[in-house]
Amino acid sequence: MSVLKTISIFLLLPLFFSRQVSSAETEEGKFLRVARTGSPVVRPQAARKLASFGEAATKEVRSYLAEHGGNVASLGPDVVGVLGRLPGDDIRELLWQSVNDPSFPWRPAAARSLAETARPDEFKTVSGFLNDSLAAVRLSGLTALEVSQQQSIQAVRARLEDQDDRVRRGAARLLDLWGRRWALAWPLEELKREDRYFESETGKKARFAAFGLLKKNLGGKWLYRPDRSPTTPENVEAIKAIRADWSKLLTRPAPRLPNVAKAGSRIENEVLGLEIRSCRKGEFFLRWTEDDALHLGTGNPIRVQLAEGTVKLLRRDLPGILSSVGDQRLWGDPGCDMEVYRWVRNPSEIVTFVLSKGAEKQEDLRPEALERLTSRLLLTIPAGTGDPARNSYERELIRSALSSVGGPVK
């Protein structure tokens, strides 16, 4: 055999094997596989491509579910997020079953899929997502109202007091779309945010999102720089110019903002932070400060005054509680569930402990030291009160969220 012929055969081998694989796997099957197991970057694109196959995609999904015991969760969030676009009443019924199941890990994806493709007989139900316990599902309620063109002014206006700034911005955008231009007072206020949650630039992220919304809805060309402090002379003048342009559009006085929507300042003297992100229970951000205060949420958080000496005792006991973990800082595997503990050991050092897992349950993820700390922290969190905002952070909700991530708090 000539050298040239040998080289040609080796060059053709990859093509041969790719044809063999493709002949055993349908095109829609390939995109279903990539949307489930590919890198996080390509999964959304693969899911959208899968949906474009219509009936063939439905058939592929049915086949997959039949082979996996009807486990919709195993499809992953990206595939669940496009199921509403597929033909087949059985597929849609699976979506409704999923969104109505509080233990289903991808409820936000299921809710978004239903909202984006809402049918006339579903409008009332999907708009009910506005009152869900998960902020991402509440956002889907706003999407449903926009898609259906049902102007439920009061229901959307209530979300302007939401604890989640993404929901407040979404509500303001929708109300402005419906001609309630006064609602832009909410993103306007966010241009002044400078808050942080430890190393997370929560205020900066909000400034970018709010400015993008205002540029699109008001169409101005202002010199505001969301990447810079709102107190720079240029940004101060830009905010004045934006407010002036907005004021010309108002037919009523500018509304008073609820406390949760006001730009908060940076919180000083942080001692300890607890961040919980649960795909089933939502997101919670707590921090304890040296002045015996507990701050609930981000932005302009709720401040709860604790008994004198509470945080001083915590600070005193923390080294002993956490000594048994040694140098370990991470437990579990990357996933949609996280518990993050931040201990400000000294002004220049924040020690972070992270528990993380996927959608599946994992027993005893939380080490004994963090178990002891969590039990102590729960005692400082108030039980339910008459304040709806504070109730969103009441003790049993936090306990439930912790249980869904690291396991039951003993």
Stepwise salt bridge (charged side-chain N to carboxylate O under 4.0 Å, His left out) check, Glu339 with Lys357: CA-CA 9 Å; Glu339 285 178 20; Lys357 69 177 184 65; over 6 Å; no
Worked check of side-chain contact (heavy atoms from CB on, under 4.5 Å) between Arg315 and Glu290: CA-CA 9 Å; Arg315 181 185 278 281; Glu290 286 183 349; 2.9 Å; yes
From CA spacing to verdict: salt bridge (charged side-chain N to carboxylate O under 4.0 Å, His left out), Lys59, Glu28: CA-CA 9 Å; Lys59 183 179 179 181; Glu28 55 273 13; over 6 Å; no
Check against salt bridge (charged side-chain N to carboxylate O under 4.0 Å, His left out), Asp165 and Lys205: CA-CA 10 Å; Asp165 59 359; Lys205 292 175 186 175; over 6 Å; no
Intermediate values then yes/no, side-chain contact (heavy atoms from CB on, under 4.5 Å), Leu272 and Leu377: CA-CA 10 Å; Leu272 193 66; Leu377 295 180; 3.3 Å; yes
Worked verdict on Ile381 versus Leu294 for side-chain contact (heavy atoms from CB on, under 4.5 Å): CA-CA 8 Å; Ile381 300 171; Leu294 168 60; 4.1 Å; yes
Working for side-chain contact (heavy atoms from CB on, under 4.5 Å), residues Trp96 and Glu122: CA-CA 10 Å; Trp96 277 110; Glu122 297 174 332; 2.9 Å; yes
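Side chain of Ser113 to backbone of Ala109: no donor-acceptor contact under 3.5 angstrom is found. Using a distance-only test at 3.5 Å, with no hydrogens or angles considered, no donor-acceptor pair links the side chain of Gln151 to the main chain of Ile153. Between the side chain of Thr37 and the backbone N or O of Val34, no donor-acceptor pair lies under 3.5 Å. Side-chain atoms of Arg277 never come within 3.5 Å of backbone atoms of Glu283 as a donor-acceptor pair (strictly under, hydrogens ignored). A donor-acceptor distance shorter than 3.5 angstrom exists from the side chain of Asp292 to the backbone of Thr310, with no hydrogens or angles considered. Under a 3.5 Å cut-off, the side chain of Thr143 and the backbone N or O of Leu139 do form a donor-acceptor pair. Of the possible polar contacts, none joining the Arg85 side chain to the Ser52 backbone as a donor-acceptor pair under 3.5 Å is found. Side chain of Ser404 to main chain of Ala401: a donor-acceptor pair is present (N/O by atom type, distance under 3.5 Å, no hydrogens or angles). Between the side chain of Asn235 and the backbone N or O of Arg225 there is at least one donor-acceptor pair closer than 3.5 Å. A distance-only check finds a donor-acceptor pair linking the side chain of Ser323 to the backbone of Gly320 [under 3.5 Å].
Looking at Glu60 and Thr26, their side chains do bring a donor and an acceptor atom within 3.5 Å of each other. If you check the side chains of Ser229 and Glu194, you find a donor sitting under 3.5 Å from an acceptor.
Inter-residue side-chain proximity for Leu274 and Phe284 is flagged as unmet; no heavy-atom pair is nearer than 4.5 Å. Two residues are said to be in side-chain contact when any heavy atoms from C-beta on lie closer than 4.5 Å; Arg107 and Arg280 fail this criterion. Considering only heavy atoms from C-beta on, Leu314 stays 4.5 Å or farther from Val271 through its side chain. Side-chain contact between Arg112 and Val82: absent, with no pair of heavy atoms (C-beta onward) separated by less than 4.5 Å. Residues Arg372 and Asp317 fail the side-chain proximity criterion, which asks for heavy atoms closer than 4.5 Å. Side-chain contact check for Arg36 versus Tyr64: some heavy-atom pair is nearer than 4.5 Å. Side-chain contact between Ser375 and Val409 is present, with heavy atoms from C-beta onward closer than 4.5 Å. At least one side-chain heavy atom of Val80 sits less than 4.5 Å from a side-chain heavy atom of Leu95.
Phe285 and Tyr197 have perpendicular rings, their planes meeting at more than 60° on a 0 to 90° scale where under 30° would count as parallel.
Of all non-hydrogen atoms in Pro44 and Asp78, the two that sit nearest each other are CG-OD1, 3.6 Å.
Tested against Arg173 for a side chain to side chain contact (heavy atoms under 4.5 Å, CB included), the candidates Leu213, Leu142, Val156 yield a single pass: Leu213. Checked against Leu83 for a side chain to side chain contact (heavy atoms under 4.5 Å, CB included), the options Thr117, Leu114, Leu75 give a single hit: Leu75.
Going from atom CG of Leu306 over to atom CH2 of Trp288 covers 9.0 Å, rounded to the nearest 0.5 Å. Distance OG/Ser140 to CD/Glu146: 12.0 Å, rounded to 0.5 Å. Note that CD of Gln149 and CG of Leu177 are 9.0 Å apart. Values are rounded to the nearest 0.5 Å. To the nearest 0.5 Å, the span separating CD1 on Ile398 from CG on Leu296 amounts to 7.5 Å. In this structure, the separation between OG on Ser403 and NZ on Lys361 is 10.5 Å, given to the nearest 0.5 Å. A distance of 9.5 Å separates CG of Leu355 from CE of Met338, quoted to the nearest 0.5 Å.
The pair Arg119-Asp89 meets the salt-bridge criterion, with a side-chain N (NZ, NE, NH1 or NH2) lying under 4.0 Å from an Asp/Glu carboxylate O. A salt bridge is defined here as a Lys NZ or Arg NE, NH1 or NH2 lying under 4.0 Å from an Asp or Glu carboxylate O, and Glu270 with Arg196 fails to meet this definition. Between Arg138 and Asp164, none of the side-chain N atoms (NZ, or NE/NH1/NH2) sits under 4.0 Å from a carboxylate O, so this pair counts as no salt bridge. In this structure, Arg168 does not pair ionically with Glu189, as no charged nitrogen and carboxylate oxygen lie closer than 4.0 Å.
Counting heavy-atom neighbours within 6.0 Å of Gln305 CD, excluding the residue itself, gives a total above 12. Summarising the local packing, CZ of Arg256 is surrounded by 12 or fewer heavy atoms from other residues, nucleotides or ligands at distances under 6.0 Å. Glu360 CD: 12 or fewer foreign heavy atoms inside a 6.0 Å radius.
Sorted by first and then second residue, the pairs that involve residues 212-259 and meet ring pair (Phe, Tyr, Trp, His ring centres under 6.0 Å), not counting sequence neighbours, are Phe211-Tyr224.
At least one cation-pi condition fails for Lys204 and Phe208: the charged atom is not both under 6.0 angstrom from the six-membered ring centre and inside a 45 degree cone around its axis. In this structure, Arg180 is not positioned above the aromatic face of Trp182 in the sense of NZ or CZ being under 6.0 Å from the six-membered ring centre and within 45° of the axis.
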Below 3.5 Å, can you tabulate the donor-acceptor pairs from side chains in residues 324-336 to any protein atom, sequence neighbours excluded?
| unit_1 | atom_1 | unit_2 | atom_2 | d |
| --- | --- | --- | --- | --- |
| Gln328 | NE2 | Leu330 | O | 3.1 |
| Arg329 | NH1 | Gly326 | O | 2.9 |

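Applying the salt bridge (Lys or Arg N to Asp or Glu O under 4.0 Å) test to Glu190 and every residue at least two apart in sequence or in another chain returns Arg169, Arg193.
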